[in-house]
Structure formats: C-alpha cells, structure tokens
Amino acid sequence: MILKTREINHVIQATIVPDEASLANSESFKEEMISLMVGGAKLIMVSFENVNYVDSSFLGSLVVALKYALPRNIDIYLVSLKPDVHNLLTLIRMDKVFKIFKDYAEAMEVIK
Amino acid sequence: MNEDQNRFETVFECDLEAISDTVSLCVAYIEGQIGQQDLELGVSTRIKWVITEMLTNAIKHSAVEECLLTIRINDAQVFFEKKDSGKPLTLKNYASSGVADRGPITWPLQEEAFPQHFQVYHNGSESLTVLAESPNRVVFYIQEIESEEMPMLLLNTSEHFGLLILTKASDHFEYEYEPVTGINRFRSTFNLQGS
C-alpha cells in the first residue's frame, strides 16, 4: 500500500508512505486514489510529509486522479509538501491546479 | 565509471531500483568538483530533477538495457548528456491551438526548410515548443500563453510532465538523433553562479 489512510468527519486523510514518489509507485498510487473515490470519498487530503522526492510519473498520476475526481464533485487537497516537492509543482504550474496547505490541520480548518 | 578532473562517465543499466543511486552518484561528482556551497541555490535540485527524469525516460521509453551518462564541467556551466541507441524520441506535433493533433514527429525531420518550430505539449498556461534548426536536432523552449482558470486549466493539462520538467529545470535542453548510428543524445546545460 502506498497510502496510509484514515477518515475524519467524512474526510479521507491519505499519507504517502514511501519517501520517494516516483515511477516505482505511481501506478499503485493512482489505483489507490481511484479506489478511495469509488468507495465514496468526497474529499481526499494527500499528505507528502514523508516524501523527499517526486517525479513526473507520480505527478502525472496525481493529475489523472484529479481529472477523475473533478466531474464527480470530489476534491483533492495536497498537504505537507517539502520545499523541493513544492518547488517542482510550482515549476510545472501544478500549484495553480491543486489546493495546497501547510498540513492536515490547516486543510481541515478551511472546510469547517 | 570513468572520471577525470572535468569529465565523468557512467553507465546506467535502466533499472528502476538504480535511479536513486545513479542520481546521487552524478550529483556527488558535480558537488565534489564545484563545491556544494558554490552551487547556486536551486541548481543542485534542478540537476537532480533533470537526471532523474532522463533516467526515468530511459526506462519508460527507450527500450534499451543501458545508456551512457556523461557530465562535463567548466567554470561557467555543467553539461549533462544521456546517450542511448534505443527508440528515437517520440514527439507529437500539436497545432498552435493545442487542439488539433498534426501527428507525430519522425526522425530525421522531413521539413523542406529550417528553422521550424513545433508545439509538442500544451497545458492551460504554457506551451512546450521545439526549435529545429536541422533535420536531426531540436532545442526545447517554453512559450507563455494566456493562463486559464480552473477547471479548464486542469482539463487542458496533460499528465505527461517529463519533457516539461527537463526543459524548465535546465538552462538549455536539446535532443539530437544520429540517423546513421541510431544514437539518441539528450543534453541539459546548467549555468553556474555568476556566469
């Protein structure tokens, strides 16, 4: 499993377990995200707190997941991005596509 | 592995598990030559992104068992090259609207005159374009376009980020195909501090 999940007030908090989010686990990540959405999730907060590095394959899976979510009125937030990970998202303008928060607490605060 | 004062070569075996160690090996050589403290803030990170994307692309797209990585350093720049004899780079040629696909680009390029510009990737806020000055070599660059808002921004964003990262993380990124030998060369250049 790539994601360690827990549900709080109908929100799925999904923490990426590996420290590298890459081609090696991008397909599994995508499948687990879609499974969560098929299972009824309406908001998934994905935490990158363990992730030191992310590559294009994983970012691609993240975008595929959001494209799956959008027409189903499901939202995906990103939290706890380390500077290099955040910088890579900014480089390819994905910071304009995803809602990004400092951590789970800040993300939970905005949906109160 | 072959190393001298300003040049480093190593063979990457196109093994997913070897990406991280190979990136670390290359970055350690560069930092050893230049000095970590002398690398402009962010250059080291950009070099890591580029090497990782090049190695990932080798595994995903080249269909070869190994490729040769070369690093050269001078006072002003770091040059990184990945060389292999696998499949030539696949590029789609999009119309300027980003909607109509004008089909794949094949090598050598069949255009009657050069230079030519092709848009090969498009998202909601920028366009990845190649400049071809000859039939066998292209230089990648970014063109800013009028930014869209969500959700159109997402809908118009491709999930294929590899070439975009390579282009934006490098100060110069190019691809060259050698038709006689079937060799592909991907080259990234990074400008050093104060250069």
Check: residues 171-180 of chain B side-chain donor-acceptor pairs under 3.5 Å, at least two apart:
{"from": "B:Asp171", "atom 1": "OD2", "to": "B:Asn191", "atom 2": "N", "distance (Å)": "2.7"}
{"from": "B:His172", "atom 1": "NE2", "to": "B:Glu174", "atom 2": "OE1", "distance (Å)": "2.9"}
{"from": "B:Glu174", "atom 1": "OE1", "to": "B:Arg137", "atom 2": "NE", "distance (Å)": "3.3"}
{"from": "B:Glu174", "atom 1": "OE1", "to": "B:Arg137", "atom 2": "NH2", "distance (Å)": "2.7"}
{"from": "B:Glu174", "atom 1": "OE2", "to": "B:Arg137", "atom 2": "NE", "distance (Å)": "3.4"}
{"from": "B:Glu174", "atom 1": "OE2", "to": "B:Arg187", "atom 2": "NH1", "distance (Å)": "2.7"}
{"from": "B:Tyr175", "atom 1": "OH", "to": "B:Leu89", "atom 2": "N", "distance (Å)": "3.1"}
{"from": "B:Tyr175", "atom 1": "OH", "to": "B:Asn184", "atom 2": "OD1", "distance (Å)": "2.5"}
{"from": "B:Glu176", "atom 1": "OE1", "to": "B:Arg187", "atom 2": "NH1", "distance (Å)": "3.0"}
{"from": "B:Glu176", "atom 1": "OE1", "to": "B:Arg187", "atom 2": "NH2", "distance (Å)": "2.9"}
{"from": "B:Glu178", "atom 1": "OE1", "to": "B:Thr181", "atom 2": "OG1", "distance (Å)": "3.1"}
{"from": "B:Glu178", "atom 1": "OE2", "to": "B:Arg185", "atom 2": "NE", "distance (Å)": "2.7"}
{"from": "B:Glu178", "atom 1": "OE2", "to": "B:Arg185", "atom 2": "NH2", "distance (Å)": "3.4"}

> B:Leu154 versus chain A, heavy atoms under 4.5 Å apart: side chain, backbone, both or neither?
Replying inline: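 For B:Leu154, the contact with chain A is made by backbone and side chain together.
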> What part of B:Ser125 gets closer than 4.5 Å to chain A, counting heavy atoms only: side chain, backbone, both or neither?
Replying inline: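 Both backbone and side chain.
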>> Heavy-atom cut-off 4.5 Å, strictly under: side chain, backbone, both or neither for A:Phe98 against chain B?
In response: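 Answer is neither: A:Phe98 stays 4.5 Å or more from chain B.
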>> Using heavy-atom distances under 4.5 Å, tell me whether A:Leu70 contacts chain B through its side chain, its backbone, both, or neither.
In response: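 For A:Leu70, side-chain heavy atoms alone lie under 4.5 Å from chain B.
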> Which residues, numbered in order, of residues 159-169 of chain B come under 4.5 angstrom of chain A by heavy-atom distance?
Replying inline: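 The list, in residue order, reads B:Glu159, B:Phe161, B:Gly162, B:Leu164, B:Ile165, B:Lys168, B:Ala169.
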> Going by atom types alone, do A:Asn73 and A:Lys42 pair a side-chain donor with an acceptor below 3.5 Å?
Replying inline: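 No - no donor-acceptor pair under 3.5 Å links their side chains.
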> Is the centre of the A:Phe48 ring less than 6.0 Å from the centre of the A:His86 ring?
Replying inline: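 No; A:His86 has its ring centre 6.0 Å or more from that of A:Phe48.
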>> Can you tell me which of A:Val64, A:Val63, A:Val54 forms the most heavy-atom pairs within a distance under 4.5 Å of chain B?
In response: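 Heavy-atom pair counts peak at A:Val63.
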> If every non-hydrogen atom of A:Ala21 is compared with every non-hydrogen atom of A:Val51, which pair is closest and at what distance?
Replying inline: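 Taking A:Ala21 first and A:Val51 second, the nearest heavy atoms are CB-CG1, 3.9 Å.
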> Apart from A:Ile8 itself, which Ile, Leu, Val, Met, Phe, Trp or Tyr residues share its cluster (side-chain heavy atoms under 4.5 Å, direct or through members)?
Replying inline: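 When side chains under 4.5 Å apart are linked, the cluster holding A:Ile8 also contains A:Val11, A:Leu43, A:Met45, A:Tyr77, A:Val79, A:Phe101, A:Tyr104, A:Met108, A:Val110, A:Ile111.
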>> Tell me if the CG atom of B:Asn74 is crowded by more than 12 foreign heavy atoms within 6.0 Å.
In response: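 Buried by this count: over 12 neighbours within 6.0 Å.
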> Do B:Glu144 and A:Arg93 meet the salt-bridge criterion of a basic N to acidic O distance under 4.0 Å?
Replying inline: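 Salt bridge: yes.
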Could you pull out all donor-acceptor pairs under 3.5 Å where a side-chain atom in residues 55-62 of chain B meets a protein atom, sequence neighbours excluded?
{"from": "B:Thr56", "atom 1": "OG1", "to": "B:Thr52", "atom 2": "O", "distance (Å)": "2.8"}
{"from": "B:Lys60", "atom 1": "NZ", "to": "A:Ser57", "atom 2": "OG", "distance (Å)": "3.1"}
{"from": "B:Ser62", "atom 1": "OG", "to": "B:Asp84", "atom 2": "OD2", "distance (Å)": "3.3"}

